[in-house]
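Inspection log for the structure reproduced underneath, given as structure tokens.
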Amino acid sequence: MRNRRKISLLGTLLLLAGCRQDMHDQPRFKPLAESDFYADLRSARPQVEGTVARGQLHEDTYFYTGKIGNNPGDFMPFPVTEEVLARGHQRFNIFCAPCHSRLGDGNGFVPSRGFPRKPPSYHSERLRKAPVGYFFDVISNGFGIMPDYASQIPARDRWCIIAYVRALQLSQNATMGDVPSGQKVPSEPPRFEEPGSGATLPVVEPKSATEEPQ
Ligand code: HEC
């Protein structure tokens, strides 16, 4: 009997404790309010040094910088598959072609409309020899007047784009020796000339009225 009373008293005490207002009334700072408690007079405290946000622990340094120590590396951090090239092709056409052109020769739309400098062609000797890590650095940190694309293009997509740039470089410098035996090379499609060069686009006229679409 005695024990039971003790237990119920304890229960009541616990309940009463739960009803206290301390949590609501406790002293606190409004976000970004001033405080004379800290030497810098800010109530918001800086993050502890070395804090890493969830999902942002970039342990694979090469994947995220393209560098080994201070030098650009020259290998892809993952195998180049057809899927990687297709992704790179698509991302390149979105993010790079407006300035560098779909061919990568630097004759993109944006420079032709007054962007202060024409990008260099990827097909120069220098950029054909540049290591893939160098391209990663240019995309991630920008180059000269070219802005960086670190926040728009995730690291993996940057690598996909670079794989595609390498394919573009190969495509513009291929020789007959690169054609697998037994395969024919289709004749070159008509090239679109730069505006103002006097060239006109090829016009294909139907041979006769019967060939017109119904
Ligand atoms: C807004 C236009 C613009 C876009 C978009 C752009 N670039 Fe550039 N890029 C430039 C210009 C301009 C330069 C030359 C910068 C200079 O010399 O100041 C350049 C230079 C470069 C270079 C050569 C660096 C060197 O050593 O000469 C590379 C490589 C490059 N860009 C890659 C890319 C890739 C890859 C993308 C897409 C992710 C891209 N760029 C998107 C304008 C652009």
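Sequential numbering from 1 along the given sequence is applied to the chain's residues. Keep in mind it's a predicted model, so treat the numbers as computed, not measured. Order of listing sets the numbers, starting from 1, for every ligand and every atom in it.
- Applying the 4.0 Å criterion to heavy atoms of Phe135 picks out, from ligand 1, the atoms 29 (C).
- Within the structure, the closest approach of Arg126 to ligand 1 falls below 4.0 Å when heavy atoms are considered.
- When each atom of ligand 1 is checked for a heavy atom of Tyr149 under 4.0 Å away, the hits are 1 (C), 4 (C), 5 (C), 41 (C).
- At least one side-chain heavy atom of Trp159 sits under 4.5 Å from a side-chain heavy atom of Val132.
- With sequence neighbours excluded, no residue forms a ring-ring contact (aromatic ring centres under 6.0 Å, His included) with Phe135.
- The shortest N/O to N/O separation between Ile145 and ligand 1 falls below 3.5 Å.
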| request: May I have the step-by-step check of side-chain contact (heavy atoms from CB on, under 4.5 Å) for Ile139 and Phe95, ending in yes or no? | output: CA-CA 10 Å; Ile139 305 175; Phe95 288 108; over 6 Å; no

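- For Asp40, the side chain to side chain donor-acceptor pair (under 3.5 Å) test picks out Arg45, with sequence neighbours left out.
- Atoms of ligand 1 found under 4.0 Å from any heavy atom of Tyr134 (numbered from 1 in listed order, with element): 24 (C), 25 (C), 26 (O).
- Checking Phe136, Tyr122, Tyr164, Phe95 against atom 33 (C) of ligand 1, the nearest heavy atom belongs to Tyr122.
- Using a 4.5 Å heavy-atom cutoff, the side chains of Thr65 and His58 are not in contact.
- Taking distances strictly below 2.8 Å, the protein N/O/S atoms close to atom 8 (Fe) of ligand 1 are His100 NE2, Met146 SD.
- Cation-pi geometry between Arg156 and Phe78 is satisfied (NZ or CZ under 6.0 Å from the ring centre, within 45° of the ring normal).
- Residues in residues 135-146 take part in these salt bridge (Lys or Arg N to Asp or Glu O under 4.0 Å) pairs, two or more places apart or across chains: Lys67-Asp137.
- Under the 4.0 angstrom criterion for non-hydrogen atoms, Pro120 is in contact with ligand 1.
- Of all atoms in ligand 1, listed by their number and element, those nearer than 4.0 Å to a heavy atom of Ile153 are 38 (C).
- Ring-plane geometry between Tyr62 and Phe75 is classed as parallel, the angle between the planes falling under 30 degrees on a 0 to 90 degree scale with a further cut at 60.
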